[in-house]
Amino acid sequence: MKQFRNLLKSSFDDFKRNKVRTFLTSLGIMVGVMSVVLLIALGLGLKNYIEEQFESLGANLLIIFPGSVFSEDSGAGGNFGAGFAGGASFDEKDVKTLRKVPDVSYVVPLFTKSLALSSGKEKKLGYVLGTTDEAFEVMNIEIEEGREFTKADVLGKTKKGVLGFSMAEKLFIDPTFAVGKTVKANDVRFNIIGVAKKKGDRQMDDGLFVPYSATFGSLNPDKTFFTIYIGASNEDTIATVKVSVKEALLKRYEEDDFSVTEQSQILSSVNQIFGIINSILVAIGSISLFVGGIGIMNIMYATVTERTKEIGIRRAIGATEKDILTQFLTESIVLSLLGGIAGLLISAVIVWIIRFFFPASLNLVAVLVALGVSSAIGIIFGVFPARRAAKLSPIDAIRYE
(Lines give C-alpha, C1' and ligand atoms only; values in the text may rest on other atoms or scores of the structure.)
Protein backbone atom coordinates (compact mmCIF):
# COMPACT_ATOMS: atom_id res chain seq x y z
CA MET A 1 0.00 0.00 0.00
CA LYS A 2 2.87 2.33 0.90
CA GLN A 3 4.54 1.57 -2.42
CA PHE A 4 1.28 2.44 -4.24
CA ARG A 5 1.07 5.79 -2.40
CA ASN A 6 4.68 6.53 -3.31
CA LEU A 7 3.97 5.74 -6.96
CA LEU A 8 0.98 8.10 -6.97
CA LYS A 9 2.97 10.84 -5.23
CA SER A 10 5.79 10.43 -7.77
CA SER A 11 3.28 10.61 -10.64
CA PHE A 12 1.62 13.79 -9.35
CA ASP A 13 5.01 15.40 -8.65
CA ASP A 14 5.94 14.83 -12.29
CA PHE A 15 2.57 16.20 -13.46
CA LYS A 16 3.10 19.36 -11.39
CA ARG A 17 6.47 19.92 -13.02
CA ASN A 18 4.88 19.70 -16.47
CA LYS A 19 1.39 21.15 -15.98
CA VAL A 20 0.79 22.23 -19.58
CA ARG A 21 1.95 18.90 -21.00
CA THR A 22 -0.19 17.01 -18.46
CA PHE A 23 -3.26 19.09 -19.39
CA LEU A 24 -2.79 18.69 -23.14
CA THR A 25 -2.23 14.93 -22.81
CA SER A 26 -5.32 14.46 -20.63
CA LEU A 27 -7.30 16.66 -23.01
CA GLY A 28 -7.34 13.96 -25.68
CA ILE A 29 -8.79 11.38 -23.27
CA MET A 30 -11.19 13.96 -21.83
CA VAL A 31 -12.63 14.78 -25.27
CA GLY A 32 -12.87 11.08 -26.11
CA VAL A 33 -14.73 10.24 -22.90
CA MET A 34 -17.04 13.23 -23.40
CA SER A 35 -17.81 12.04 -26.94
CA VAL A 36 -18.73 8.54 -25.82
CA VAL A 37 -20.73 9.59 -22.74
CA LEU A 38 -22.64 12.39 -24.51
CA LEU A 39 -23.47 10.23 -27.52
CA ILE A 40 -24.81 7.49 -25.22
CA ALA A 41 -26.75 10.11 -23.19
CA LEU A 42 -28.30 11.66 -26.30
CA GLY A 43 -29.17 8.22 -27.70
CA LEU A 44 -30.89 7.30 -24.42
CA GLY A 45 -32.59 10.69 -24.43
CA LEU A 46 -34.07 10.10 -27.87
CA LYS A 47 -35.25 6.67 -26.78
CA ASN A 48 -36.81 8.17 -23.62
CA TYR A 49 -38.51 10.85 -25.70
CA ILE A 50 -40.13 8.31 -28.02
CA GLU A 51 -41.24 6.15 -25.09
CA GLU A 52 -42.79 9.20 -23.41
CA GLN A 53 -44.69 10.05 -26.58
CA PHE A 54 -46.16 6.55 -26.79
CA GLU A 55 -46.94 6.41 -23.07
CA SER A 56 -48.79 9.73 -23.37
CA LEU A 57 -51.20 8.09 -25.82
CA GLY A 58 -52.87 6.23 -22.98
CA ALA A 59 -52.93 2.65 -21.80
CA ASN A 60 -54.36 -0.42 -23.54
CA LEU A 61 -53.78 1.14 -26.94
CA LEU A 62 -53.77 -0.52 -30.36
CA ILE A 63 -52.69 1.37 -33.47
CA ILE A 64 -53.75 0.41 -36.98
CA PHE A 65 -51.37 1.35 -39.81
CA PRO A 66 -51.73 0.83 -43.55
CA GLY A 67 -49.35 -1.78 -44.97
CA SER A 68 -47.33 -4.48 -43.24
CA VAL A 69 -45.42 -2.42 -40.67
CA PHE A 70 -44.22 -5.37 -38.58
CA SER A 71 -43.20 -8.86 -39.60
CA GLU A 72 -44.93 -11.42 -37.39
CA ASP A 73 -42.24 -14.10 -37.67
CA SER A 74 -39.51 -12.18 -35.88
CA GLY A 75 -40.29 -12.97 -32.27
CA ALA A 76 -42.39 -11.22 -29.69
CA GLY A 77 -41.14 -7.76 -30.47
CA GLY A 78 -41.41 -7.97 -34.24
CA ASN A 79 -39.28 -6.13 -36.76
CA PHE A 80 -40.21 -3.35 -39.11
CA GLY A 81 -41.59 -4.66 -42.37
CA ALA A 82 -42.47 -2.98 -45.63
CA GLY A 83 -44.06 -0.14 -43.73
CA PHE A 84 -46.53 2.30 -45.16
CA ALA A 85 -45.92 1.44 -48.83
CA GLY A 86 -49.42 0.96 -50.24
CA GLY A 87 -51.88 -0.85 -48.06
CA ALA A 88 -55.41 0.02 -47.00
CA SER A 89 -57.00 3.46 -47.17
CA PHE A 90 -59.17 3.55 -44.07
CA ASP A 91 -62.48 5.43 -44.12
CA GLU A 92 -65.60 6.07 -42.04
CA LYS A 93 -66.95 2.62 -42.84
CA ASP A 94 -63.92 1.07 -41.09
CA VAL A 95 -64.40 3.35 -38.09
CA LYS A 96 -68.05 2.30 -37.74
CA THR A 97 -67.10 -1.37 -38.11
CA LEU A 98 -64.40 -1.16 -35.45
CA ARG A 99 -66.71 0.59 -32.98
CA LYS A 100 -68.86 -2.55 -33.02
CA VAL A 101 -65.97 -4.79 -31.90
CA PRO A 102 -66.53 -6.10 -28.33
CA ASP A 103 -64.45 -4.57 -25.48
CA VAL A 104 -63.44 -1.51 -27.55
CA SER A 105 -63.69 1.67 -25.47
CA TYR A 106 -62.86 4.17 -28.23
CA VAL A 107 -61.97 4.39 -31.93
CA VAL A 108 -60.08 7.53 -32.98
CA PRO A 109 -59.26 7.98 -36.68
CA LEU A 110 -56.52 10.41 -37.72
CA PHE A 111 -55.99 12.21 -41.02
CA THR A 112 -52.74 14.17 -41.36
CA LYS A 113 -51.54 16.52 -44.05
CA SER A 114 -48.53 18.82 -44.20
CA LEU A 115 -49.36 22.24 -45.65
CA ALA A 116 -49.11 25.99 -45.13
CA LEU A 117 -51.27 27.51 -42.38
CA SER A 118 -51.93 31.23 -42.59
CA SER A 119 -53.58 34.07 -40.73
CA GLY A 120 -53.47 37.55 -42.18
CA LYS A 121 -50.01 38.11 -43.65
CA GLU A 122 -48.40 35.36 -41.58
CA LYS A 123 -47.92 32.00 -43.31
CA LYS A 124 -46.11 29.01 -41.77
CA LEU A 125 -45.63 25.37 -42.71
CA GLY A 126 -47.60 23.10 -40.39
CA TYR A 127 -50.00 20.16 -40.23
CA VAL A 128 -53.74 19.65 -40.39
CA LEU A 129 -54.78 16.85 -38.03
CA GLY A 130 -58.32 15.68 -38.72
CA THR A 131 -59.67 13.55 -35.86
CA THR A 132 -62.45 13.22 -33.27
CA ASP A 133 -63.11 14.94 -29.96
CA GLU A 134 -61.79 11.81 -28.16
CA ALA A 135 -58.30 12.44 -29.57
CA PHE A 136 -57.55 15.08 -26.93
CA GLU A 137 -57.87 12.55 -24.13
CA VAL A 138 -56.24 9.68 -26.04
CA MET A 139 -53.21 11.76 -27.09
CA ASN A 140 -53.07 13.50 -23.69
CA ILE A 141 -53.48 16.95 -25.27
CA GLU A 142 -54.25 19.65 -22.72
CA ILE A 143 -55.76 23.03 -23.55
CA GLU A 144 -53.78 26.20 -22.79
CA GLU A 145 -56.50 28.65 -23.85
CA GLY A 146 -60.09 28.25 -25.03
CA ARG A 147 -61.65 24.80 -25.41
CA GLU A 148 -61.64 21.60 -27.45
CA PHE A 149 -64.09 20.89 -30.25
CA THR A 150 -66.93 18.51 -29.38
CA LYS A 151 -68.66 15.43 -30.78
CA ALA A 152 -71.38 17.77 -32.09
CA ASP A 153 -68.70 19.66 -34.05
CA VAL A 154 -67.55 16.38 -35.63
CA LEU A 155 -71.12 15.37 -36.54
CA GLY A 156 -71.91 18.87 -37.79
CA LYS A 157 -68.71 19.14 -39.88
CA THR A 158 -68.04 22.54 -38.30
CA LYS A 159 -64.95 24.45 -39.33
CA LYS A 160 -63.56 24.80 -35.82
CA GLY A 161 -59.99 24.08 -34.78
CA VAL A 162 -57.52 23.84 -31.90
CA LEU A 163 -54.11 25.24 -32.73
CA GLY A 164 -50.84 23.71 -31.55
CA PHE A 165 -48.85 25.94 -29.17
CA SER A 166 -45.84 26.49 -31.46
CA MET A 167 -48.01 27.30 -34.49
CA ALA A 168 -50.05 29.74 -32.38
CA GLU A 169 -46.78 31.46 -31.43
CA LYS A 170 -45.62 31.63 -35.05
CA LEU A 171 -48.90 33.08 -36.35
CA PHE A 172 -49.95 35.31 -33.44
CA ILE A 173 -46.77 35.81 -31.31
CA ASP A 174 -48.86 35.48 -28.13
CA PRO A 175 -50.68 32.10 -28.34
CA THR A 176 -53.62 33.41 -26.28
CA PHE A 177 -54.43 35.85 -29.09
CA ALA A 178 -55.21 32.94 -31.43
CA VAL A 179 -58.59 32.13 -29.85
CA GLY A 180 -61.38 33.70 -31.91
CA LYS A 181 -59.11 34.26 -34.93
CA THR A 182 -59.30 32.54 -38.31
CA VAL A 183 -56.61 30.25 -39.75
CA LYS A 184 -56.61 29.15 -43.38
CA ALA A 185 -55.45 25.74 -44.62
CA ASN A 186 -55.59 25.37 -48.42
CA ASP A 187 -58.15 28.23 -48.51
CA VAL A 188 -60.38 26.42 -46.00
CA ARG A 189 -61.05 28.75 -43.08
CA PHE A 190 -61.14 27.42 -39.54
CA ASN A 191 -62.29 29.38 -36.52
CA ILE A 192 -59.79 28.84 -33.68
CA ILE A 193 -61.60 27.91 -30.47
CA GLY A 194 -58.58 26.72 -28.47
CA VAL A 195 -54.79 26.51 -28.18
CA ALA A 196 -53.16 23.29 -26.96
CA LYS A 197 -50.36 23.22 -24.40
CA LYS A 198 -46.87 22.53 -25.68
CA LYS A 199 -46.28 18.79 -26.13
CA GLY A 200 -42.71 18.57 -27.37
CA ASP A 201 -43.96 16.78 -30.48
CA ARG A 202 -43.31 18.80 -33.64
CA GLN A 203 -46.37 17.60 -35.54
CA MET A 204 -48.73 18.34 -32.65
CA ASP A 205 -47.13 21.65 -31.64
CA ASP A 206 -47.18 22.87 -35.27
CA GLY A 207 -50.57 21.33 -35.97
CA LEU A 208 -54.17 22.42 -36.37
CA PHE A 209 -56.60 19.92 -34.82
CA VAL A 210 -59.96 19.92 -36.58
CA PRO A 211 -62.99 17.61 -36.81
CA TYR A 212 -62.10 14.95 -39.40
CA SER A 213 -65.46 15.54 -41.11
CA ALA A 214 -64.45 19.18 -41.73
CA THR A 215 -61.46 18.02 -43.83
CA PHE A 216 -63.67 16.20 -46.35
CA GLY A 217 -63.37 18.25 -49.52
CA SER A 218 -60.25 20.03 -50.75
CA LEU A 219 -58.13 18.92 -47.77
CA ASN A 220 -59.13 15.26 -47.83
CA PRO A 221 -61.06 14.57 -51.06
CA ASP A 222 -60.79 10.77 -50.65
CA LYS A 223 -62.23 10.94 -47.11
CA THR A 224 -59.57 8.56 -45.79
CA PHE A 225 -57.50 8.20 -42.63
CA PHE A 226 -53.85 7.39 -42.22
CA THR A 227 -54.03 5.86 -38.74
CA ILE A 228 -56.72 4.59 -36.39
CA TYR A 229 -56.22 4.43 -32.61
CA ILE A 230 -58.23 1.81 -30.73
CA GLY A 231 -58.55 1.52 -26.97
CA ALA A 232 -59.22 -1.84 -25.32
CA SER A 233 -61.54 -1.72 -22.31
CA ASN A 234 -58.74 -3.02 -20.04
CA GLU A 235 -55.31 -4.63 -20.15
CA ASP A 236 -56.71 -8.17 -20.05
CA THR A 237 -58.72 -7.67 -23.24
CA ILE A 238 -55.93 -6.27 -25.45
CA ALA A 239 -55.09 -9.66 -27.01
CA THR A 240 -58.71 -10.54 -27.78
CA VAL A 241 -59.50 -7.06 -29.09
CA LYS A 242 -56.46 -7.25 -31.37
CA VAL A 243 -57.67 -10.55 -32.83
CA SER A 244 -61.23 -9.24 -33.23
CA VAL A 245 -60.03 -6.04 -34.94
CA LYS A 246 -57.96 -8.08 -37.40
CA GLU A 247 -60.91 -10.34 -38.16
CA ALA A 248 -63.16 -7.32 -38.74
CA LEU A 249 -60.71 -5.67 -41.15
CA LEU A 250 -59.96 -8.93 -43.00
CA LYS A 251 -63.54 -8.95 -44.22
CA ARG A 252 -62.63 -5.93 -46.36
CA TYR A 253 -58.82 -6.00 -46.80
CA GLU A 254 -56.02 -8.46 -47.40
CA GLU A 255 -53.75 -9.40 -44.50
CA ASP A 256 -50.82 -7.38 -45.86
CA ASP A 257 -52.98 -4.27 -46.34
CA PHE A 258 -52.89 -3.28 -42.67
CA SER A 259 -51.08 -3.82 -39.36
CA VAL A 260 -52.63 -3.87 -35.90
CA THR A 261 -49.87 -3.11 -33.43
CA GLU A 262 -49.55 -2.69 -29.67
CA GLN A 263 -47.51 -0.02 -27.91
CA SER A 264 -45.21 -2.69 -26.46
CA GLN A 265 -44.54 -4.08 -29.95
CA ILE A 266 -43.60 -0.66 -31.32
CA LEU A 267 -41.42 0.16 -28.31
CA SER A 268 -39.67 -3.22 -28.57
CA SER A 269 -38.76 -2.51 -32.19
CA VAL A 270 -37.68 1.03 -31.29
CA ASN A 271 -35.41 -0.41 -28.56
CA GLN A 272 -33.84 -2.81 -31.09
CA ILE A 273 -33.14 0.08 -33.46
CA PHE A 274 -31.67 2.29 -30.73
CA GLY A 275 -29.48 -0.58 -29.54
CA ILE A 276 -27.86 -0.62 -32.98
CA ILE A 277 -27.70 3.18 -33.17
CA ASN A 278 -26.04 3.42 -29.74
CA SER A 279 -23.43 0.83 -30.76
CA ILE A 280 -22.58 2.89 -33.84
CA LEU A 281 -22.42 6.12 -31.80
CA VAL A 282 -20.09 4.51 -29.24
CA ALA A 283 -17.85 3.24 -32.07
CA ILE A 284 -17.66 6.78 -33.50
CA GLY A 285 -16.87 8.26 -30.09
CA SER A 286 -14.22 5.61 -29.48
CA ILE A 287 -12.17 7.02 -32.36
CA SER A 288 -11.54 10.09 -30.19
CA LEU A 289 -10.42 7.83 -27.34
CA PHE A 290 -8.04 6.00 -29.66
CA VAL A 291 -6.52 9.31 -30.80
CA GLY A 292 -6.19 10.36 -27.15
CA GLY A 293 -4.41 7.06 -26.39
CA ILE A 294 -1.88 7.69 -29.15
CA GLY A 295 -1.29 11.14 -27.64
CA ILE A 296 -0.53 9.55 -24.25
CA MET A 297 1.87 7.07 -25.83
CA ASN A 298 3.75 9.85 -27.64
CA ILE A 299 4.01 11.98 -24.51
CA MET A 300 5.16 9.03 -22.40
CA TYR A 301 7.84 8.20 -24.97
CA ALA A 302 9.01 11.84 -24.76
CA THR A 303 8.95 11.61 -20.95
CA VAL A 304 11.12 8.50 -21.01
CA THR A 305 13.63 10.31 -23.21
CA GLU A 306 13.66 13.38 -20.93
CA ARG A 307 14.13 11.26 -17.79
CA THR A 308 16.68 8.83 -19.15
CA LYS A 309 19.37 9.99 -16.73
CA GLU A 310 16.92 9.75 -13.78
CA ILE A 311 16.09 6.19 -14.84
CA GLY A 312 19.78 5.29 -14.96
CA ILE A 313 20.40 6.67 -11.46
CA ARG A 314 17.39 4.78 -10.07
CA ARG A 315 18.61 1.56 -11.68
CA ALA A 316 22.11 2.15 -10.31
CA ILE A 317 20.87 2.43 -6.72
CA GLY A 318 18.82 -0.77 -6.88
CA ALA A 319 15.56 -0.18 -8.81
CA THR A 320 14.56 -3.22 -10.86
CA GLU A 321 13.08 -3.32 -14.35
CA LYS A 322 9.73 -4.08 -12.71
CA ASP A 323 10.01 -0.94 -10.53
CA ILE A 324 10.66 1.28 -13.55
CA LEU A 325 7.91 -0.42 -15.58
CA THR A 326 5.42 0.03 -12.71
CA GLN A 327 6.36 3.69 -12.23
CA PHE A 328 5.80 4.74 -15.85
CA LEU A 329 2.73 2.54 -16.27
CA THR A 330 1.19 4.13 -13.15
CA GLU A 331 1.81 7.61 -14.57
CA SER A 332 0.14 6.63 -17.83
CA ILE A 333 -2.93 5.14 -16.08
CA VAL A 334 -3.29 8.12 -13.72
CA LEU A 335 -3.01 10.49 -16.68
CA SER A 336 -5.78 8.60 -18.50
CA LEU A 337 -8.01 8.46 -15.41
CA LEU A 338 -7.61 12.20 -14.82
CA GLY A 339 -8.76 12.85 -18.38
CA GLY A 340 -11.57 10.29 -18.03
CA ILE A 341 -12.90 11.72 -14.77
CA ALA A 342 -12.69 15.30 -16.10
CA GLY A 343 -14.55 14.24 -19.25
CA LEU A 344 -17.18 12.47 -17.17
CA LEU A 345 -17.75 15.48 -14.90
CA ILE A 346 -18.05 17.89 -17.83
CA SER A 347 -20.40 15.47 -19.58
CA ALA A 348 -22.59 15.28 -16.47
CA VAL A 349 -22.88 19.09 -16.38
CA ILE A 350 -23.72 19.25 -20.10
CA VAL A 351 -26.36 16.48 -19.74
CA TRP A 352 -27.85 18.30 -16.73
CA ILE A 353 -28.23 21.46 -18.86
CA ILE A 354 -29.63 19.53 -21.85
CA ARG A 355 -32.27 17.88 -19.63
CA PHE A 356 -34.07 21.22 -19.37
CA PHE A 357 -34.87 20.89 -23.09
CA PHE A 358 -34.49 17.20 -23.92
CA PRO A 359 -34.66 13.98 -21.82
CA ALA A 360 -30.96 13.08 -22.20
CA SER A 361 -29.84 10.54 -19.63
CA LEU A 362 -26.62 9.34 -18.00
CA ASN A 363 -26.63 5.73 -16.90
CA LEU A 364 -24.26 3.51 -14.91
CA VAL A 365 -23.15 1.65 -18.05
CA ALA A 366 -21.95 4.89 -19.69
CA VAL A 367 -20.02 5.86 -16.54
CA LEU A 368 -18.37 2.44 -16.14
CA VAL A 369 -17.55 2.25 -19.85
CA ALA A 370 -15.96 5.71 -19.77
CA LEU A 371 -13.79 5.00 -16.71
CA GLY A 372 -12.98 1.43 -17.80
CA VAL A 373 -11.95 2.48 -21.30
CA SER A 374 -9.85 5.40 -20.07
CA SER A 375 -8.02 3.05 -17.66
CA ALA A 376 -7.53 0.47 -20.41
CA ILE A 377 -6.09 3.13 -22.70
CA GLY A 378 -3.61 4.11 -20.01
CA ILE A 379 -2.47 0.48 -19.72
CA ILE A 380 -2.44 -0.36 -23.45
CA PHE A 381 -0.77 2.80 -24.69
CA GLY A 382 1.43 3.23 -21.62
CA VAL A 383 2.98 -0.22 -21.59
CA PHE A 384 5.20 0.36 -24.66
CA PRO A 385 7.04 3.47 -23.38
CA ALA A 386 7.13 1.95 -19.87
CA ARG A 387 8.84 -1.19 -21.23
CA ARG A 388 11.30 0.97 -23.13
CA ALA A 389 12.17 2.79 -19.91
CA ALA A 390 12.55 -0.49 -17.99
CA LYS A 391 14.85 -2.00 -20.63
CA LEU A 392 17.35 0.91 -20.60
CA SER A 393 20.86 -0.05 -19.56
CA PRO A 394 21.77 1.78 -16.28
CA ILE A 395 25.26 2.79 -17.55
CA ASP A 396 23.99 4.03 -20.94
CA ALA A 397 21.12 5.86 -19.23
CA ILE A 398 23.47 7.73 -16.82
CA ARG A 399 25.72 8.73 -19.74
CA TYR A 400 22.73 9.96 -21.81
CA GLU A 401 22.85 13.67 -22.69
Is there a side-chain contact between [X] and [Y] in this structure, where contact means two heavy atoms from C-beta onward sitting under 4.5 Å apart?
{"X": "F149", "Y": "T131", "result": "yes"}
{"X": "T176", "Y": "V195", "result": "no"}
{"X": "N140", "Y": "K199", "result": "yes"}
{"X": "N191", "Y": "I193", "result": "yes"}

> Could you go step by step and tell me if Y229 and Y106 meet the ring-ring contact (aromatic ring centres under 6.0 Å, His included) rule?
Replying inline: CA-CA 8 Å; Y229 297 100; Y106 61 79; 8.4 Å; no

For [X] and [Y], work out which heavy atoms get closest and say how close.
{"X": "M167", "Y": "L125", "result": "CE-O, 3.4 Å"}
{"X": "F172", "Y": "F177", "result": "O-CD1, 4.0 Å"}
{"X": "T132", "Y": "P109", "result": "CG2-CD, 3.5 Å"}

Would you say that more than 12 heavy atoms from the other residues, nucleotides or ligands in this model lie under 6.0 Å from the [atom1] of [X], or not?
{"X": "E122", "atom1": "CD", "answer": "yes"}
{"X": "R189", "atom1": "CZ", "answer": "no"}
{"X": "K181", "atom1": "NZ", "answer": "yes"}

>> What I want to check is whether the side chains of T97 and D94 have a donor and an acceptor closer together than 3.5 Å.
In response: no

> Quick one: do the Y212 and E92 side chains pair a donor with an acceptor below 3.5 Å?
Replying inline: yes

> Is the shortest distance from a Lys or Arg side-chain nitrogen in K124 or D206 to a carboxylate oxygen in the other one below 4.0 Å?
Replying inline: no

>> List the residues meeting salt bridge (charged side-chain N to carboxylate O under 4.0 Å, His left out) with R202, not counting sequence neighbours, and say none if there are none.
In response: none

>> Could you work out, with side-chain contact (heavy atoms from CB on, under 4.5 Å) as the rule, every residue matching L345, not counting sequence neighbours?
In response: I341

